[in-house]
Amino acid sequence: MKNYSNSGSFLRNDRNTWLIVAAILSGCGLASNAGAQLTITDSTSAPSGNILTSQLTDLGPGQQQNSLDYMNNGGTVGQTFSVGANSTLQAITILGRGDSAQFYSGGAQPFTAGTTWSIQIASVNISTGAITPLDIEASTTYVPTGGGANFSGFLTYTLANPVSLTAGQEYAFNVFVNDGTVGQSWFGLAHSTGDAYAGGTAENSNTSASSGTGPINAYGAFAQTNPNGYDYVFAAQGIVAVPEPTTLALVGLGGLGLIAANRRRRA
């Protein structure tokens, strides 16, 4: 018959073991980034590292669609995408078309601090198009290099709260910009000349399919597929969720050593 008299001691020892293993995992880069905020940076060069999936091969720019290819026109502009392995999404990069401004007054006016730049990451039901938001973040401090009037570089949105992605699931990012005062900000996105990306499609967040009462820059409840058969120039960046084999081996050996040591102490 099993003797339970020392079960409390066993539980305490096991708990200590797992606390140490958890500390090892934390040291392998799995710690949280509490207190961080959305960061937006820009560059004239495309990203090249930690790319989970991307459309960086056909930079176009294809023919611009006034009602579809600008932040805030007809619902927030975006792209659906998928990844080939379980991953952690850390950033989204998009390419400006060279048609942007905080507002127009005799010409395109540069952006200033206080403008809201926002991004939503969502999962998408491929049968219905229904969007389930996973993360919505905003920055009011970003100002594009040179003010951003007619900006044609790459914008990278680095998330404060990285999002876990599942292989094969359809996701979407949507972006908008709003100066909050004049209310006439726009930002054109570059896109391919044809269907260049097999993992998703250009789309708009359909506000009319949700409550129908929100502002034009509100995130909608459905992904409305862009009918023109192209993809935006983008990259989803992050890390594959599975640790490297060397890390797994070190954690495993460390865990076995701890368990063996605990057993020797109990003997």
Side-chain angles (χ1 to χ4, degrees), residues 37-46 59-79 91-122 133 135-160 172-192 202-221 223-224 226 228 230-234:
Q37 296 181 352
L38 173 67
T39 301
I40 304 177
T41 55
D42 57 64
S43 173
T44 57
S45 302
L59 305 186
Q63 182 178 356
Q64 199 77 343
Q65 306 292 319
N66 288 341
S67 62
L68 297 173
D69 295 341
Y70 293 86
M71 294 185 189
N72 307 349
N73 279 12
T76 53
V77 68
Q79 172 86 22
I92 291 287
T93 296
I94 56 175
L95 177 62
R97 184 184 173 85
D99 187 1
S100 58
Q102 180 160 305
F103 62 92
Y104 187 91
S105 177
Q109 299 302 305
F111 292 97
T112 59
T115 298
T116 298
W117 301 77
S118 185
I119 186 168
Q120 173 183 266
I121 308 298
D135 185 38
I136 299 176
E137 301 186 16
S139 171
T140 58
T141 59
Y142 169 67
V143 178
T145 299
N150 298 324
F151 185 84
S152 58
F154 291 89
L155 262 60
T156 296
Y157 294 70
T158 300
L159 302 176
F173 68 82
N174 289 86
V175 288
F176 79 76
V177 61
N178 184 3
D179 64 272
T181 303
V182 180
Q184 296 179 0
S185 295
W186 75 89
F187 190 98
L189 270 65
H191 59 73
S192 61
E203 56 87 24
N204 285 67
S205 179
N206 187 341
T207 55
S208 64
S210 52
S211 65
T213 59
I216 195 69
N217 61 10
Y219 292 115
Q224 180 175 324
N226 188 310
N228 296 292
Y230 55 71
D231 299 286
Y232 292 114
V233 180
F234 80 96

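Here the structure is a predicted model, which is why all the values come from computation and not from measurement. One-based numbering along the sequence shown.
Asn226 contributes a side-chain N or O that, together with a main-chain N or O of Asn228, makes up a donor-acceptor pair within less than 3.5 Å. Not a single donor-acceptor pair under 3.5 Å links the side chain of Gln120 to the backbone N or O of Tyr219. With hydrogens and angles disregarded, no donor-acceptor distance shorter than 3.5 Å links the side chain of Thr140 to the backbone of Gly114. Side chain of Arg97 to main chain of Tyr70: no donor-acceptor pair is present (N/O by atom type, distance under 3.5 Å, no hydrogens or angles). Checked by atom type and distance alone, the side chain of Asn174 pairs as donor or acceptor with a backbone atom of Thr76 at under 3.5 Å. Under the 3.5 Å distance criterion, the side-chain polar atoms of Asp42 are matched with a main-chain donor or acceptor of Thr145. With hydrogens and angles disregarded, a donor-acceptor distance shorter than 3.5 Å links the side chain of Ser205 to the backbone of Gly220. Counting only distance, with no hydrogens or angles, the side chain of Ser100 and the backbone of Ala149 share no donor-acceptor pair below 3.5 Å. A donor-acceptor pair is defined here as one N or O able to donate and one able to accept, closer than 3.5 Å; no such pair exists between the side chain of Thr115 and the backbone of Asn178. Distance alone, capped at 3.5 Å, is enough to place a donor-acceptor pair between the Asp179 side chain and the Gln184 backbone.
Closest approach of Met71 to Phe176, counting heavy atoms only: SD-C, 3.6 Å. Between Ile40 and Ser139 the shortest heavy-atom distance is CD1-CB, 4.1 Å. Taking all atoms of both residues into account, the shortest heavy-atom contact from Ile94 to Tyr157 is CD1-CE1, 3.9 Å. Closest approach of Val143 and Thr112 over heavy atoms only: CG2-C, 3.7 Å. Leu38 and Ala160 make their closest contact through N-CB, 3.8 Å (heavy atoms, listed as atom of the first residue, atom of the second, distance).
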Criterion side chain to side chain donor-acceptor pair (under 3.5 Å) on Asp231 and Gln79, from CA distance to verdict: CA-CA 7 Å; Asp231 299 286; Gln79 172 86 22; 3.0 Å; yes
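Side-chain rings of Phe111 and Phe151 stay apart, their centers remaining 6.0 Å or farther from each other.
Residues Glu137 and Gln37 fail the side-chain proximity criterion, which asks for heavy atoms closer than 4.5 Å. Considering only heavy atoms from C-beta on, Asp69 comes within 4.5 Å of His191 through its side chain. Trp117 places a side-chain heavy atom less than 4.5 Å from the side chain of Pro144. Put simply, the side chain of Val175 does not reach to within 4.5 Å of the side chain of Phe187, judged on heavy atoms. The shortest distance between side-chain heavy atoms of Phe154 and Val233 falls below 4.5 Å.
Annotation: the span from Phe173 atom CZ to Asp135 atom CG amounts to 14.0 Å, rounded to 0.5 Å. Going from atom CG of Leu189 over to atom CG of Leu95 covers 7.5 Å, rounded to the nearest 0.5 Å. Within the model, atoms CG of Asp99 and CG of Asn150 stand 6.0 Å from one another, a figure rounded to the nearest 0.5 Å.
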